[in-house]
Participant: 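One structure follows; several queries about it will come next.
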There are 2 protein chains.
Amino acid sequence: MATKPSGAGSKRARAAPQPAQEAPGEPPLSRDRIVATALELLDADGLDGLTMRRLADRLGAGVMSLYWHVDNKEDVLDLALDSVLDYRGPPQLDKPEDWRAEVVHMLEDWRASMLRHPWSTSLLPRRALGRNILSRLELLSKTLSGAGVADADLNAAIWSLWNYVMGATITRASFDVSNEDRAAAQQRLEQLSGPYPTIGRSRLLLDDDWDGAFRKGLGFLLDGLAPG
Amino acid sequence: MATKPSGAGSKRARAAPQPAQEAPGEPPLSRDRIVATALELLDADGLDGLTMRRLADRLGAGVMSLYWHVDNKEDVLDLALDSVLDYRGPPQLDKPEDWRAEVVHMLEDWRASMLRHPWSTSLLPRRALGRNILSRLELLSKTLSGAGVADADLNAAIWSLWNYVMGATITRASFDVSNEDRAAAQQRLEQLSGPYPTIGRSRLLLDDDWDGAFRKGLGFLLDGLAPG
DNA sequence: GCATGACTCGTACATCGTATGAGTCAACTT
DNA sequence: AAGTTGACTCATACGATGTACGAGTCATGC
């Protein structure tokens, strides 16, 4: 019985299994190559752009060959998502006491990494916690704990930041797609300003300093988490 | 040429168009009936449970009949989502000065409304702003403004709360689905507690007082927004 | 009595994820 | 040297989905 390398398996153990066709135009199929190509398709055409058939085509392989290396499409998406989220830490040599800058850096990088691949935002809600996500949470936990957040508040603090970042990122990505809708909504708002006078006046839906708003709101939250 | 009632159209104008079959078992098709039935299917079986064919079956109609009343499936989903989000305001007779309680009540209701229909959380990211969402934002804006939040901070404050609520709700719904995954992840964390000692120890992934964490984090954020 | 327009729906099509099982070929066993 | 195994590829096929197309029904207005 054949044993697939999928899941937590061993991938490919042997060194050079495919010396038959060494033409560099088509290197052998592999998990990594599949994920990399999936990323290309996702970046080019979004979630709908990723089709097992298209993926196989671009890899120069038959569709069903993919399923030897990968459980199913969901598996591909999981791998693609996690591959977007690795984090190499803040630029070294910051004064190591500045916990706040460290947190802000990591969270801004988190958001930026996902916005560089907008499809990832609609993927996140329903996926499991990959290694890279857990690493970020660990870093967050360690930093906040070192900054003096009480143990009893620690989990709530972490989840608050998580929630904020996820909400901001998902929102940003979704509004980016439907920019004209947003303008239309704001116009509707102002015309029949009866029902929505306040947000109509404050131009809530037209404010497009997303990065600034994210930083500002993050500041509010951190103020609340570690007052003084 | 037939004119469909879809979009911002007139729906059905006439009073009793279908006296032919008055059997109460099958009232005439209508936008409202379609949305109501879609809600049933979504609540019962989630996003995958909603199929145009299943929807039509349950309505006792042919599949293509739906398309007279509705543009496409996305239209159905938009309507279903918005129908979940209406808000009737806080229980009257609270002391009207307590802006904080008012905000908390609205946001907790927002979250609760969506969690009562978990499919709505995976729908939200990519949909336009319906009337009910705008109403909530308007209320939020008015209340915060009245509470003394500076005009320059107002939009950032609103978006911060939005982000927090969306992130919390989406996260909660997604973890609810994959509870076993969560437990498995925590176990993995504790066993090979090398890479993730802090969040392993704090049992971050096992803490299931979601409501408490939501309230607590919201408190942090409000503290930051309106200090003192 | 006939045209109109509101509404219904059967059929058909393209596309999707993937189950099944046969095929290829290198490495290992004997 | 012959045979076995197991890693890997892939053609075919199936069931499901959203919806375009166009023919049907039927109450109403002229």
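The chains referred to below are lettered A, B, ... by the order of the sequence lines, with proteins before strands, and numbering in each begins at 1. Only this structure's heavy atoms are used, side chains among them; waters, hydrogens and symmetry mates stay out.
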Participant: Would you say B/Ser65 places a side-chain N or O within less than 4.0 Å of OP1 or OP2 belonging to C/dC7?
Facilitator: no
Participant: Considering only C/dC16, C/dT18, D/dA20, which nucleotide approaches the side chain of A/Met52 most closely?
Facilitator: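 Nucleotide nearest to A/Met52's side chain: C/dT18.
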Participant: Can you pull out how bent the helix from C/dG1-D/dC30 to C/dT30-D/dA1 is, comparing the axes over its first five and last five pairs, to 10°?
Facilitator: 20°
Participant: Report the C-alpha separation of A/Asp43 and A/Trp119 in whole Å, then their side-chain angles, then the decisive distance to 0.1 Å, and conclude whether the side chain to side chain donor-acceptor pair (under 3.5 Å) test is met.
Facilitator: CA-CA 7 Å; A/Asp43 285 342; A/Trp119 47 268; 2.8 Å; yes
Participant: A/Arg53 or A/Ala61: which one's nearest nucleotide on DNA chain D is closer to the 5' end?
Facilitator: A/Ala61
Participant: Looking at B/Phe214, does the NZ or CZ of B/Arg111 lie under 6.0 angstrom from its six-membered ring centre and within 45 degrees of the ring axis?
Facilitator: yes
Participant: With the threshold set at 4.0 Å, does a side-chain nitrogen-carboxylate oxygen contact exist between B/Arg136 and B/Asp109?
Facilitator: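 Between B/Asp109 and B/Arg136 there is a salt bridge, with a charged N closer than 4.0 Å to a carboxylate O.
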Participant: Within less than 4.0 Å of OP1 or OP2 of D/dT9, is there a side-chain N or O belonging to A/His69?
Facilitator: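 A/His69 to D/dT9 OP1/OP2: side-chain N or O found under 4.0 Å.
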Participant: Given D/dT9, D/dT12, C/dT11, identify the nucleotide with an atom nearest to the side chain of B/Met64.
Facilitator: C/dT11
Participant: Could you pull out all residues at least two apart from A/Trp110 that satisfy ring pair (Phe, Tyr, Trp, His ring centres under 6.0 Å)?
Facilitator: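 A/Trp110 satisfies ring pair (Phe, Tyr, Trp, His ring centres under 6.0 Å) with A/Trp162 once adjacent residues are dropped.
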Participant: B/Lys73 NZ to D/dT17 P: how many Å, rounded?
Facilitator: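 Rounded to whole Å, this separation is 8 Å.
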Participant: Within the 3.5 Å criterion, strictly below it, is a donor on B/Trp159 or A/Asp207 matched to an acceptor on the partner's side chain?
Facilitator: no
Participant: A/Trp68 side chain: which of C/dT18, D/dC8, C/dC16 is closest?
Facilitator: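 Looking only at heavy atoms from C-beta outward on A/Trp68, the closest nucleotide is D/dC8.
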Participant: Report the residues that fulfil salt bridge (charged side-chain N to carboxylate O under 4.0 Å, His left out) with A/Arg215, sequence neighbours left out, ordered by chain and then residue number.
Facilitator: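 Testing A/Arg215 for salt bridge (charged side-chain N to carboxylate O under 4.0 Å, His left out), a comparison that skips the adjacent residues, returns A/Glu108.
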